Q: 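Take this structure first; my questions come after.
In listed order, ligands and their atoms are each counted from 1. Since the structure is predicted, the reported quantities are computational estimates derived from the model, not experimental observations.
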Amino acid sequence: MPRTPLVAANWKMHTTHEEADRLAREIAAGAAAVQDVDVVVCPPSCYLMPVGAALAEQKGGALGSQDVSEIVGTGAHTGDISGAMVRDCGGTYAIVGHSERRATRGEDDACVARKFEAAQAAGLIPILCVGETLEERDGGETDAVLARQLGAVLEQVGIAAFATAVVAYEPVWAIGTGRSASPEQAQAAHARLRATLAASDAKIADSVRILYGGSVKADNAAELFAQDDVDGGLIGGASLKAEQFNAIVKAAGNH
Ligand code: PEP
């Protein structure tokens with residue numbers, strides 16, 4: 001099944017209001033110029049609305065959040081942002097389970113699964129991040145880690161939920177390090193993830209977009225995106241430079 005590539009920008013805790021507006025406009029212009037690639041921008045949550053407005057004005061790219069509360073509804077949850085709030089700000093996607101949150105905010109597999117479910121309950125498309133640490137890879141545990149992280153979400157929401165979800169393979173050792181997975185390493189992990197989904201439903205597995213994330217740059221994007229099971233990228237550092245990011249989007253459009 002042909003899958004429309006998706007390239008998502010994760011700005012993390014970067015930009016100012018002014019920079020976010022400028023960057024969003026430049027990215028939207030780049031997205032509008034490329035056919036058949038979905039582009040998503042995930043700014044810091046305080047900039048969701050202005051970035052959404054800038055993207056809409058330039059007619060390019062969708063809006064996403066970098067995280068979402070696992071709690072549905074409203075209540076006394078200081079600092080949390082609900083899926084409904086992200087939707088209310090114009091968001092359509094939400095990253096869940098980014099390794100930085102797993103590592104520094106104590107988000108375990110069960111918590112990530114609840115966030116995935118909460119995002120979908122609000123009508124958002126979750127971008128579920130999974131990936132092994134270097135220690136796990138060196139210990140030959142990559143497949144087991146991916147199966148465990150994906151399995152926790154499958155158990156919580158069921159395979160049908162993946163018809164409206166995105167998965168991102170993000171090896172922790174490749175994030176922000178300048179050391180990307182090789183195209184072969186990425187393809188092997190993506191194929192494993194798709195096979196895990198296919199064990200429950202082959203048709204849904206075939207339709208799910210699996211993004212690669214981890215030091216993707218303009219000069220290595222094309223070879224990563226050329227892999228059969230790599231359907232785009234989740235981009236951190238390189239998404240803070242419109243020229244770099246737009247070149248990555250263009251590379252996705254060529255596959
Ligand atoms: C990320 O944070 O999801 C990421 C992939 O970062 P970078 O592109 O900087 O490695």
Q: Listing by chain and number, which residues have a heavy atom under 4.0 Å from ligand 1?
A: Asn10, Lys12, His98, Glu170, Ala174, Ile175, Gly176, Gly213, Gly214, Ser215, Leu234, Ile235, Gly236, Gly237
Q: Would you mind writing out the side-chain donor-acceptor pairs for residues 142-152 within the sub-3.5 Å range, not counting sequence neighbours?
A:
from: Arg148; atom 1: NE; to: Asp109; atom 2: OD2; distance (Å): 2.6
from: Arg148; atom 1: NH2; to: Asp109; atom 2: OD2; distance (Å): 3.4
from: Gln149; atom 1: OE1; to: Gly131; atom 2: N; distance (Å): 2.8

Q: Taking the basic N atoms (NZ, or NE/NH1/NH2) and the acidic carboxylate oxygens, is any pair closer than 4.0 Å for Asp231 and Arg194?
A: yes
Q: Out of curiosity, Leu154 CG to Thr196 OG1, how far, rounded to the nearest 0.5 Å?
A: 8.0 Å
Q: Tell me every residue that passes salt bridge (charged side-chain N to carboxylate O under 4.0 Å, His left out) with Glu26, counting only those two or more places apart in sequence or in another chain.
A: Arg22
Q: Donor-acceptor pairs are to be reported for all side-chain atoms of residues 74-84 against protein atoms at under 3.5 Å, with residues two or more places apart or in another chain.
A:
from: Asp80; atom 1: OD2; to: Ser69; atom 2: OG; distance (Å): 2.7
from: Ser82; atom 1: OG; to: Ala84; atom 2: N; distance (Å): 3.4
from: Ser82; atom 1: OG; to: Met85; atom 2: N; distance (Å): 3.1

Q: Check for a donor-acceptor pair, side chain of Ser65 on one end and backbone N or O of Ala94 on the other, with a separation under 3.5 Å.
A: no
